[in-house]
Amino acid sequence: MTSYLTEPAPKADQPPVQREVEVVSAAPAGAYVQLALAAPEVAERAQPGQFVAFAVGGPMTANLLRRSIAIAGTDPGAGTVTVVVAPHGPGSTWLAERRPGDTVDVVGPLGRPFPLPAPGTTALLVGGGYGAAALVGLAGLLRSRGSRVLAVSGAADAARLCSVDDLGALADRLEVTTDDGSAGRAGRVTVAVDELIGESGVAYACGPMPMLRAVADAATAAGVPSYVAVEESMACGIGVCMTCVLPVVGADGLTRFSRSCTEGPVFGGDRVRFADVGALPWDVVGADAMGVVAP
Amino acid sequence: MTSYLTEPAPKADQPPVQREVEVVSAAPAGAYVQLALAAPEVAERAQPGQFVAFAVGGPMTANLLRRSIAIAGTDPGAGTVTVVVAPHGPGSTWLAERRPGDTVDVVGPLGRPFPLPAPGTTALLVGGGYGAAALVGLAGLLRSRGSRVLAVSGAADAARLCSVDDLGALADRLEVTTDDGSAGRAGRVTVAVDELIGESGVAYACGPMPMLRAVADAATAAGVPSYVAVEESMACGIGVCMTCVLPVVGADGLTRFSRSCTEGPVFGGDRVRFADVGALPWDVVGADAMGVVAP
Amino acid sequence: MTLVETSVDMTTALGSVPLAGPVLTASGCSAFGQELEPFVDLATLGAVVTKSVQLRPRSGRPTPRMAETPSGMLNSIGLQGPGIDGLLAGELPWLAERGVPAFVSIAGTRVEDFAELATRLRGVPGVLGLEVNISCPNVESRGEVFACDPVAASDVVAAVRAAADPAQPVYAKLSPDVTDIVPVARSVTEAGADGLSMINTLLGLVIDPDTMKPVLGGVTGGLSGPAVRPVAVRCVWQVHAALPEVPILGMGGIRSGLDALQFVLAGASAVSVGTAVFSDPSATARVHRELAAALAERGFSSLREAVGHAHR
Amino acid sequence: MTLVETSVDMTTALGSVPLAGPVLTASGCSAFGQELEPFVDLATLGAVVTKSVQLRPRSGRPTPRMAETPSGMLNSIGLQGPGIDGLLAGELPWLAERGVPAFVSIAGTRVEDFAELATRLRGVPGVLGLEVNISCPNVESRGEVFACDPVAASDVVAAVRAAADPAQPVYAKLSPDVTDIVPVARSVTEAGADGLSMINTLLGLVIDPDTMKPVLGGVTGGLSGPAVRPVAVRCVWQVHAALPEVPILGMGGIRSGLDALQFVLAGASAVSVGTAVFSDPSATARVHRELAAALAERGFSSLREAVGHAHR
Ligand SMILES: Cc1cc2nc3c(=O)[nH]c(=O)nc-3n(C[C@H](O)[C@H](O)[C@H](O)COP(=O)(O)OP(=O)(O)OC[C@H]3O[C@@H](n4cnc5c(N)ncnc54)[C@H](O)[C@@H]3O)c2cc1C
Ligand SMILES: Cc1cc2nc3c(=O)[nH]c(=O)nc-3n(C[C@H](O)[C@H](O)[C@H](O)COP(=O)(O)OP(=O)(O)OC[C@H]3O[C@@H](n4cnc5c(N)ncnc54)[C@H](O)[C@@H]3O)c2cc1C
Ligand SMILES: Cc1cc2nc3c(=O)[nH]c(=O)nc-3n(C[C@H](O)[C@H](O)[C@H](O)COP(=O)(O)O)c2cc1C
Ligand SMILES: Cc1cc2nc3c(=O)[nH]c(=O)nc-3n(C[C@H](O)[C@H](O)[C@H](O)COP(=O)(O)O)c2cc1C
Ligand code: FES
Ligand code: FES
């Protein structure tokens, strides 16, 4: 049995709530829109790495499923929660069109937060696209616990970079990369990750799956534990529908189809079987009952 | 064969258009909301008695069918069309919540307008609830053609009265009735209609079906031709679905299930078989093929 | 608008008859085409599929005839229409004058009714072919719907094919309300259907919370609209997989070009737009335009290449 | 919230077993109830209908497992679950501790599987009854779904009824994907079903416009949500009309109290809320509240009076 660098992320401290909340500000941010919501109960419960799920389309909507969006920041004093939305399909486009005074129905905070390292551990935070936003709260928390924070924010182009100022203010060092070189260094986040992973005691990543995989692989290769926040298509966000699973190796070394909403979205980077996402490997618990046989 | 006082209403002069239009004003009016739309092509084509059909619920809507709303006024100079909306179910509630700057998808003008009498004929106009709004344009047109206009606006209570000021300004005489006596005379519109029908050469009515029936009966009994604008549940508004039919006696004396959207909504009051709405009388053309036999 | 905005060859066929474009109206959802004239250039339609006609004029059922449902609607019109004489005297000449091809939907309650209708439509100018609406109760079989029984369905189709003008393709319109649609498809094809129209409405019921009775006088009605689209695409997929040579006219909840694309990829060589016309009277023209653009974006140079592509 | 907000008596029963309230979860749509705890007081549920369990633990199908559709969704989970041992060791004791009754959904691919599951569940504390998910492929009949064949369906139900604890009512869960649901309902009732759950999902398919292939790995999936509600109400109506003495657990697209009311008026004595929980995790409690209010407004003093009222 292989030994793993990471312990599975534990559950959040507090359960989620469901509330109708008001949008207090909406601001374009490059290719994205940043929304702040008056959601004191969510703000007070949220831990970095968690997400919220929005009902979309208004009272007459034909789109029933909630849209999951990472929490980009909370201000428990002001009672607000911030999210960064990338308009993509109908749901996220609708969300990005919300204006101050509009109300939205939100459930959260959902999912497991990033586990924290021993105080003082140097941490590498890697965000891809809007994924960087989800790391801002983590950066602050790590700093407050005495960690040195190294951050990388990467994207396809300058407009898709996110939270560069916030991370720049919080991190001890920030590297910016863009695929097309329109801002920061040209190339993928891995150019910076490869340089910084050696100095780090733990790595965290949020962004597209191929990026998560690259960061997890680099960390594991360097003997550094990593936690990634995955983004799988979710129908419920609360753990009841089983649509959001991916193959993850558990504490017992067995691979299960784990729900990214309640057993994730944060998983040990060395525990997610990235190559098998969307497949059914024979050694997943219960694959035999599906008629899959060991090779 | 009975002889009828009315000729079937002819088609409108111009075909409808379909446009995405902007709401230019939205004002509460008692229990209703009055919306003005920047819809020059509709304004220029519309004739009194016609209606428009709105798509409701926005781009993600689960409610596919258009909502038909009578045209309450047009200002071809300003290029605007006015409607009065009574929030009822989800579609009309959504419409009533539109605000200036919002856009709506509208098809119109639809249906047949009120036929006009010989110039100078005294006309009685009877509106029930928001139905009174649809008579404002007619009142103006009749006045411009030298008619004396007698108007009745009735409703369940004061908040549901409509267009009282507009009709008051245009009509030679206006009677107001409410069922509960909260404004004008207490009682149904018929108390006023019975007094005025004798002076009238033609009667027009718009409002709930029982009211239309009462006005039509009073007019027919007095030997006065009447035209009523009916309100039947419509799926398409343009004549292609056959959901909006009611039994109407045609020019040839035969009863057919006629589409209220394209053969109406304006019908001769003596031609609508009110008692048979929702039924299938044996003498409707084609009832025999449905297995209905003459008694 | 004109038929060709993109470089994609959008021509197709109903059986042996070529069509200028793949987007048709759906039977009962655009009457006989006239009312669409203010909204679309009828010449851009592949064809007008007419409201199902029977031998005699029919009043249809009493109202209420519809109920709105989530992303769909229920209808129970009862095939109101002029009867075959009315159609031959009025609507068909109107369409023929304008050069708009008519795909005439025929319906009946006996096999002979269908055959007689097919006979009456032989050689009628502008009649491109026949769509046989077998989702009607069979009076000779305790009212069971023809389309729900492979034998009854194929009896109708065989009779129509025998009586119809050989130049007019005969499409059988199938109901999704069967345990397995493939045997029905196979049996009507063996009986001579030149193609299949799929799907007709699903049987549904809505109870009015106020009256606490079914909304529709006929109790049940036919469910249509985007709500049923996944069922329709599934039927087209299953039948195309089993009978890849049989042309399919796909329908059921098509609102956009991407919806139509799903049907084409699943195996339809043409599509009908039904309920969407009620919400957008210019839907047929828009769907054509959007489908052409979607095919172009995906690198297809012709619609024909895309037919059934999802199976490959 | 408490169970009784209005004067309406909301008690009902599943077969012979009394229920405090008529609103249940739907199998596969609330896992085993735990995750709803932050959102609803589980004690207000008539029962938790558990995700269908099989003999062995199952991984379920690879992703993607769902596609959103107009007013609905398609799923192809493949019955991921812990197997009967896991259920007996983990989820059922958890529910029993909290006093939440479990209506255990069982599934299999052989008649004997179902019987063995029923045997294992005899006398288990907190297990109120069994819902037999016969919408599974029958390995002994070329994969045809049990629920689509009255004989196969009744074989399963007879075996389960024989094996199960006599105190546990056995409900057969029917599929709408049949030409006529009444014969299936009749045959499982004759085989000993104490009640019927209706409906399971409809077979659907969505093609991804980007990949141009079916979205789901399993090609087809089950369609659920408000889109299918008119079909579900129709099934309940037809079966209640034919078999008025057979209790029905109604489901399919219930989102609100008025939706639930339609099922009750059509003949259901209890309802399951499935897909709506994904959009509103507190949907079950809300539906209970709204249904109670709707019944009160309509002058009913008890839920039981309203069951099947639309037929009268
Ligand atoms: C844990 C988590 C955190 C996320 N954080 C953010 C964020 O901070 N900002 C942001 O803009 N987006 C975020 N996303 C992605 C966001 O949820 C999807 O882009 C959005 O749901 C797409 O919905 P749509 O209606 O625009 O697109 P559609 O493609 O029409 O969506 C159709 C369905 O697929 C699901 N879906 C589609 N794409 C995705 C996806 N990439 N991930 C998950 N579900 C998907 C939707 O939920 C919906 O059910 C996050 C997703 C997850 C799972
Ligand atoms: C020719 C005509 C003119 C009208 N003029 C006005 C007007 O000036 N102001 C106004 O407020 N309303 C008017 N109505 C009524 C208005 O169309 C309905 O109130 C509205 O469609 C109800 O939709 P909903 O979503 O609010 O209600 P729902 O009850 O949810 O509607 C469900 C379905 O039933 C149809 N429907 C329900 N009630 C009616 C009704 N009374 N008439 C027609 N269809 C109905 C709807 O179109 C929809 O398809 C008019 C209707 C017609 C036919
Ligand atoms: C109001 C209405 C009337 C219909 N009338 C007919 C008909 O006369 N003959 C027929 O074969 N199908 C009829 N249909 C079914 C449609 O042709 C089509 O098969 C079905 O509605 C699915 O397509 P859609 O979702 O695009 O509407 C009717 C459908 C509706 C909504
Ligand atoms: C994600 C998902 C999983 C489901 N799993 C099961 C299952 O395991 N067993 C079962 O009998 N039904 C299952 N169903 C069907 C539901 O129990 C229900 O019959 C159907 O979804 C219709 O109800 P709804 O529209 O309220 O969801 C599932 C449905 C969904 C959406
Ligand atoms: S999204 Fe439903 S279980 Fe994860
Ligand atoms: S509303 Fe469709 S024909 Fe009148």
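Below, all heavy atoms of this structure are taken into account, side chains as well, without hydrogens, waters or symmetry copies. Treat the numbers as computed from the prediction; the structure is a model and nothing was measured. Labels below follow one simple rule: chain letters A, B, ... track the order of the sequence lines, proteins then strands, and each chain is numbered from 1.
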If one checks every heavy atom of Leu258(D) against chain C at 4.5 Å, the contacting part turns out to be side chain
Chain D shares the most heavy-atom pairs under 4.5 Å, among Gly204(C), Ala227(C), Pro230(C), with Pro230(C)
Which atom pair, heavy atoms only, marks the closest approach of Val231(C) to Leu202(D)?
CG2-CD2, 3.9 Å
Closest heavy-atom pair and its distance - His309(D), Lys213(C)
O-NZ, 3.6 Å
Is it the side chain or the backbone of Gln238(C) that comes within 4.5 Å of chain D heavy atoms, both, or neither?
side chain
Please report the interatomic distance CD1(Ile207(C)) to CD(Gln262(D)), rounded to the nearest 0.5 Å.
6.0 Å
For Leu203(C) and Arg234(D), which heavy atoms make the closest approach, and how far apart are they?
O-NE, 2.9 Å
Sidechain-backbone polar pair: Arg298(C) side chain, Pro209(D) backbone, donor-acceptor under 3.5 Å:
yes
Nearest atoms (heavy-atom pairs only) where Ala310(C) meets Pro214(D):
O-CD, 4.3 Å
Most contact-rich option vs chain D, by heavy-atom pairs under 4.5 angstrom, among Thr220(C), Asp208(C), Asp177(C), is Asp177(C)
Answer with side chain, backbone, both or neither: which region of Val219(C) has an atom nearer than 4.5 Å to a non-hydrogen atom of chain D?
side chain
